[in-house]
Number of protein chains: 2
Amino acid sequence: MKSTIKDVAQKAGVSIATVSLAIHDHKRISPETKRKVQKAINELNYSPSKSARNLVSKKTGNIGFLLTDDHFLRTEPFYTRIFLGTEFEARTGEYYVLLNTVGTDYDECDKLPRFVLDKSVDGIIIAGKVPELLIDKLSRINLPLVFVDYIPSKNKYPLVLIDNIHGGSLATEHLIEKGHKNIAFIGGDINHPSIHDRFQGYKLSLEKAGITITDNLISLEEPYPARQNGYDAARRLIDNNKDITAIFACNDAMAIGAMHFLKDSGYKIPQDISVIGFDDVEADLLLDPPLTTIRVPKVELGAEAMRVMVDVLNNDNIAAKKILVPVELIERKSTGTA
Amino acid sequence: MKSTIKDVAQKAGVSIATVSLAIHDHKRISPETKRKVQKAINELNYSPSKSARNLVSKKTGNIGFLLTDDHFLRTEPFYTRIFLGTEFEARTGEYYVLLNTVGTDYDECDKLPRFVLDKSVDGIIIAGKVPELLIDKLSRINLPLVFVDYIPSKNKYPLVLIDNIHGGSLATEHLIEKGHKNIAFIGGDINHPSIHDRFQGYKLSLEKAGITITDNLISLEEPYPARQNGYDAARRLIDNNKDITAIFACNDAMAIGAMHFLKDSGYKIPQDISVIGFDDVEADLLLDPPLTTIRVPKVELGAEAMRVMVDVLNNDNIAAKKILVPVELIERKSTGTA
DNA sequence: ATAAGTAAGTTAAACGTTTAACTGATATTT
DNA sequence: AAATATCAGTTAAACGTTTAACTTACTTAT
């Protein structure tokens with residue numbers, strides 16, 4: 001059943017080295033011999049053993065995909081999509097993707113990811129925020145690292161990022177165009193590079209439009225950008241400032257929370273208050289009204305990260321590049337004229 | 001940096017065979033030697049090379065996870081969750097999971113999944129409905145197969161299934177307990193084993209409660225269990241029978257559609273009509289009112305499938321078992337008393 | 001005619017494990 | 001006291017590739 005290189009060699013009447021060289025299209029092998037070998041391969045339905053190859057090449061043919069438990073388990077399939085993207089791209093690059101999650105509470109005693117310990121990967125794509133301690137440890141072993149949707153503090157690795165600043169601007173400009181002036185911003189975990197940048201985009205656009213940036217329009221206290229936090233932030237904001245006519249939430253989860261609060265408080269969306277989110281998660285379409293948001297091409301992010309990884313692997317020491325993946329405004333029904 | 005068994009042997013002052021045997025806790029090695037070896041292992045931070053192991057054991061340590069493109073890409077992260085479950089369980093079983101999708105239009109000319117071609121997996125978990133032709137081809141190569149959430153036509157493989165009949169009963173009994181008598185059923189693609197069984201559960205519970213099963217309370221025509229179909233089915237049902245006080249939809253997507261129709265027609269949920277779904281997808285919580293449903297433990301389904309696979313792999317030819325994973329009623333706000 | 005070069009293979013070592021078969025002590029049985 | 005069993009380890013082959021170094025037969029240049 002399972003044929004080896006030996007069987008092919010026998011059938012083709014050549015040595016196993018010739019078969020190997022023929023497979024790799026080595027110039028030392030004549031076209032005719034290559035044909036003979038190819039014929040034998042087809043007849044025997046042979047395909048090389050990965051294990052044997054890996055053993056001698058000291059490569060594994062696998063790329064690790066690392067993220068935190070809560071990112072993978074969270075309701076919105078954000079990182080799942082990114083993972084999917086790496087998987088799609090890996091296919092063309094002849095790689096497999098191995099997934100591993102780590103706790104957010106990673107500490108000194110915790111083990112390294114399984115695929116690192118048993119040397120099952122040639123490189124690691126790290127998605128989203130992961131504990132810096134883990135990054136430290138990982139940077140000590142000699143594996144190529146590529147970050148997607150996160151900027152580690154010691155920034156010497158290739159980065160694949162959402163163009164958050166531009167996205168923040170897009171969202172804000174959309175509201176400005178609709179005639180809004182009192183535009184609130186809801187953030188959570190403002191130290192997170194993505195959220196920080198979206199906030200930058202917000203401020204940039206306001207400045208550009210000549211609108212002064214007002215403190216009581218901005219909520220940055222929430223520690224985490226989740227639904228409930230969006231709800232709480234919206235309440236605080238509205239309590240302090242009745243003039244708000246539009247809210248830009250730093251992500252859809254918070255936008256959804258904010259919408260819940262607004263509905264609970266009897267505000268009509270978008271007649272009384274417009275809401276825009278960021279990410280474009282599936283749930284947005286189910287909302288009433290469906291949420292206007294900034295679409296992040298999640299699958300594309302993952303694919304890009306894998307492309308960078310393959311480059312790094314083939315090209316040994318390529319300069320650590322930084323790729324910004326563009327976003328786009330998706331206008332639905334949650335935003336209207338002021 | 002990367003230490004091999006040779007280094008460990010040298011450091012411990014024994015042969016490499018001894019190291020290997022010690023690692024596998026072989027009885028021929030004395031406790032004292034084992035300690036020595038362990039010490040050397042720790043000091044060198046050694047861990048065995050998977051490639052080398054795989055080569056000699058002729059195992060890969062990988063399990064394939066196969067499903068169709070559209071199942072993986074569809075909005076509700078149903079199969080994604082199942083995948084996650086296999087991944088979690090794989091961890092304890094020392095396996096890695098390799099994912100591969102196939103088109104629903106798989107035909108004779110299409111290649112087998114990549115991980116089959118290059119012999120990168122020891123077994124395959126197949127999730128959801130996949131083309132029978134592919135199953136045929138796969139059954140010819142000698143890899144263990146485990147199906148999750150699908151029953152292939154030639155049923156000789158281990159199966160991990162949702163307990164759909166019981167779920168159907170749970171849903172129906174919940175409505176009966178609330179005092180409902182005119183309980184409608186909305187199905188789509190009634191030939192699908194899962195939907196068929198949910199319908200069985202419905203009928204069983206009605207019989208048990210002494211309620212006659214009425215044709216104009218049942219909609220089975222819809223070809224596909226999607227939102228729009230739920231909308232259409234609900235309309236037809238209500239048009240034909242104004243006495244309906246409760247609807248059991250065969251899945252959440254159809255339930256969501258039905259709710260939309262009811263709202264559009266001015267019915268209050270649950271005051272006028274109760275609605276219950278099946279699956280418990282994330283969207284349910286966002287609805288107004290949030291949907292009462294039957295929770296399907298998706299992660300658990302995947303974990304169970306992996307457990308079965310590991311059993312099969314360790315135990316060579318275990319009888320093809322069939323595991324029914326239990327479901328539970330999640331009561332939210334879309335069902336009330338008649 | 002001889003040396004040098006090239007073309008097309010082949011040989012054999014290496015990759016890092018596992019494991020069957022062997023060895024050489026001790027301990028036990030007869 | 002000799003034969004046998006047990007214990008604790010070692011030796012060496014095998015797994016299926018890749019690849020540097022070697023071979024052999026032609027070409028071509030001098």
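Residue numbers start from 1 in every chain, and the chains themselves are labelled A, B, ... in the order their sequence lines are given, proteins ahead of strands.
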Inset, instruction - Say whether A/D149 and A/Y79, considering side chains only, have a donor N or O and an acceptor N or O under 3.5 Å apart. - result: yes
Inset, instruction - Can you tell me the distance, in whole Å, between the NE2 atom of B/H26 and the P atom of D/dG9? - result: 12 Å
Inset, instruction - Look up atom CD1 in B/I124 and atom CE in B/M309, then write down how far apart they are to the nearest 0.5 Å. - result: 7.5 Å
Inset, instruction - Mind checking A/S30 for me? I need base, sugar-phosphate or nothing, with any heavy atom below 4.0 Å counting as a touch. - result: sugar-phosphate
Inset, instruction - Determine yes or no for a side-chain-to-main-chain donor-acceptor pair under 3.5 angstrom, with A/S47 supplying the side chain and B/L117 the backbone. - result: yes
Inset, instruction - Compute the angle between the rotation axes at the two ends of the helix from C/dA1-D/dT30 to C/dT30-D/dA1, each taken over five pairs, rounded to 10 degrees. - result: 50°
Inset, instruction - May I ask you to decide whether A/K39 forms a salt bridge with A/E43, counting only side-chain N to carboxylate O separations under 4.0 Å? - result: yes
Legend entry - Footprint string (nucleotides 12-25 of chain C, 5' to 3'): B base within contact, S backbone only, - free, heavy atoms under 4.0 Å: ---BBBBB-B----
Inset, instruction - Report the relative orientation of the aromatic rings in B/Y150 and B/H192; use parallel for angles under 30°, tilted for 30 to 60°, perpendicular for over 60°. - result: perpendicular
Legend entry - Short side-chain donor-acceptor distance under 3.5 Å, A/D122 and A/T60: yes
Legend entry - Mutual orientation of the aromatic rings belonging to A/F83 and A/F65 [parallel < 30°, tilted 30-60°, perpendicular > 60°]: perpendicular
Inset, instruction - List the steps, then state whether side-chain hydrogen bond (donor to acceptor under 3.5 Å, both in side chains) holds for A/D70 with A/T104. - result: CA-CA 8 Å; A/D70 60 343; A/T104 42; 4.8 Å; no
